[in-house]
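Working notes, beginning with the structure itself.
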Amino acid sequence: MATPSKTPPGSDPKQLERTGTVREIGSQAVWSLSSCKPGFGVDQLRDDNLETYWQSDGSQPHLVNIQFRRKTTVKMLCMYADYKSDESYTPSKISVRVGNNFHNLQEIRAMPTLCCIP
């Protein structure tokens with residue numbers, strides 16, 4: 001999500017998009033996963049349905065890679081995690097890394113699971 005101004009953490013990203021505060025830019029990127037079980041991949045991760053989800057199928061770390069075709073400023077990253085539904089699949093830590101390619105990524109944020117990362 002890109003935003004022209006700061007938005008409070010925990011804000012509903014869909015509501016912010018409807019009011020024009022943010023713009024969803026994930027469709028401009030190429031998404032890939034470190035692994036996934038059949039039927040639990042990128043399509044389910046991105047479908048806006050809280051009943052579907054990504055489920056990894058490999059050793060850790062489990063990665064979601066979002067690559068834009070050109071330099072893109074991302075001011076907010078939002079994700080939904082439901083610890084009560086399935087604590088074993090809820091990440092305990094989220095690391096946000098940026099770079100020009102997969103081999104020069106640098107961590108810019110690491111934190112316990114949150115719903116919005118401004």
Side-chain angles (χ1 to χ4, degrees):
M1 301 249 159
T3 179
S5 62
K6 292 198 177 230
T7 54
S11 298
D12 177 2
K14 289 295 179 187
Q15 178 63 29
L16 294 172
E17 189 175 5
R18 282 190 293 273
T19 61
T21 304
V22 299
R23 182 170 48 100
E24 203 283 328
I25 59 171
S27 60
Q28 298 172 19
V30 175
W31 292 66
S32 62
L33 305 168
S34 55
S35 68
C36 68
K37 291 188 177 181
F40 296 91
V42 170
D43 291 340
Q44 291 72 34
L45 179 68
R46 300 247 322 124
D47 68 6
D48 286 334
N49 180 347
L50 298 181
E51 301 298 317
T52 62
Y53 48 90
W54 163 48
Q55 188 172 354
S56 61
D57 189 25
S59 59
Q60 292 185 8
H62 304 305
L63 305 173
V64 177
N65 298 300
I66 307 167
Q67 295 174 290
F68 291 92
R69 296 181 197 333
R70 59 180 186 228
K71 283 188 177 182
T72 303
T73 300
V74 177
K75 294 187 178 182
M76 182 190 301
L77 172 66
C78 294
M79 65 179 63
Y80 176 79
D82 189 348
Y83 183 80
K84 289 181 183 177
S85 289
D86 194 347
E87 63 188 71
S88 67
Y89 288 104
T90 301
S92 59
K93 175 185 169 188
I94 296 172
S95 172
V96 179
R97 301 172 187 174
V98 300
N100 292 323
N101 61 59
F102 187 77
H103 301 289
N104 76 349
L105 296 177
Q106 294 183 340
E107 187 173 84
I108 60 168
R109 288 271 178 105
M111 64 207 68
T113 302
L114 299 172
C115 67
C116 282
I117 302 170

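Note that the numbering runs from 1 along the sequence shown for the chain. Note that these values count all heavy atoms, side chains included, but never hydrogens, waters or copies made by symmetry.
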- Message: Let me confirm one number: the CG-CG distance from Leu33 to Asn65, rounded to the nearest 0.5 Å.
- Response: 8.0 Å
- Task: Scan residues 59-79 for pairs that pass ring-ring contact (aromatic ring centres under 6.0 Å, His included), counting only residues two or more places apart or in two chains.
- Result: none
- Query: Under the 3.5 angstrom rule, does the side chain of Thr72 hit a backbone N or O of Arg70 as a donor-acceptor pair?
  - Reply: yes
- Going through the distances and angles, do Arg23 and Gln28 end up as a side-chain contact (heavy atoms from CB on, under 4.5 Å)? CA-CA 11 Å; Arg23 182 170 48 100; Gln28 298 172 19; 3.6 Å; yes
- Note on the structure: In terms of heavy-atom contacts, Pro61 and Ser34 come closest through O-OG, 3.9 Å
- Task: Give every residue pair that meets the ring-ring contact (aromatic ring centres under 6.0 Å, His included) criterion with at least one member in residues 14-51, sequence neighbours excluded.
- Result: Phe40-Tyr53
- Item | In one Ile/Leu/Val/Met/Phe/Trp/Tyr side-chain cluster, 4.5 Å: Met79, Val98 | yes
- Within 6.0 Å of CD in Glu51, more than 12 heavy atoms from elsewhere: no
- Atom of Asp47, atom of Asn49 and distance for their closest heavy-atom approach: OD1-N, 2.9 Å
- Roughly how far, to the nearest 0.5 Å, is the CD atom of Gln106 from the CZ atom of Arg97? 11.0 Å
- Note on the structure: Rounding to 0.5 Å, atoms CG (Asn100) and NZ (Lys71) come to a distance of 5.5 Å
- Determine the minimum heavy-atom distance between Asp57 and Ser35, stating which atoms define it. N-OG, 2.9 Å
- Message: Minimum heavy-atom separation for Glu24 and Arg46, please, with both atom names.
- Response: OE2-NH1, 3.2 Å
- Spatial distance of atom CD1 (Ile25) from atom OG1 (Thr73) [nearest 0.5 Å]: 8.0 Å
- Note on the structure: Of all heavy-atom pairs linking Arg69 and Val30, the shortest is NH1-CG2, 2.9 Å
- Distance col, row Arg109:CZ vs Ser95:OG, nearest 0.5 angstrom, shows 11.5 Å
- Going only through I, L, V, M, F, W and Y residues with side-chain contacts under 4.5 Å, is there a path from Ile66 to Val42? yes
- Message: Applying a strict under-4.5 Å side-chain criterion to I, L, V, M, F, W and Y, I'd like to know whether Ile108 and Ile94 cluster together.
- Response: yes
- Kindly compute the distance separating CE (Met76) from CG (Leu16), expressed to the nearest 0.5 Å. 5.5 Å
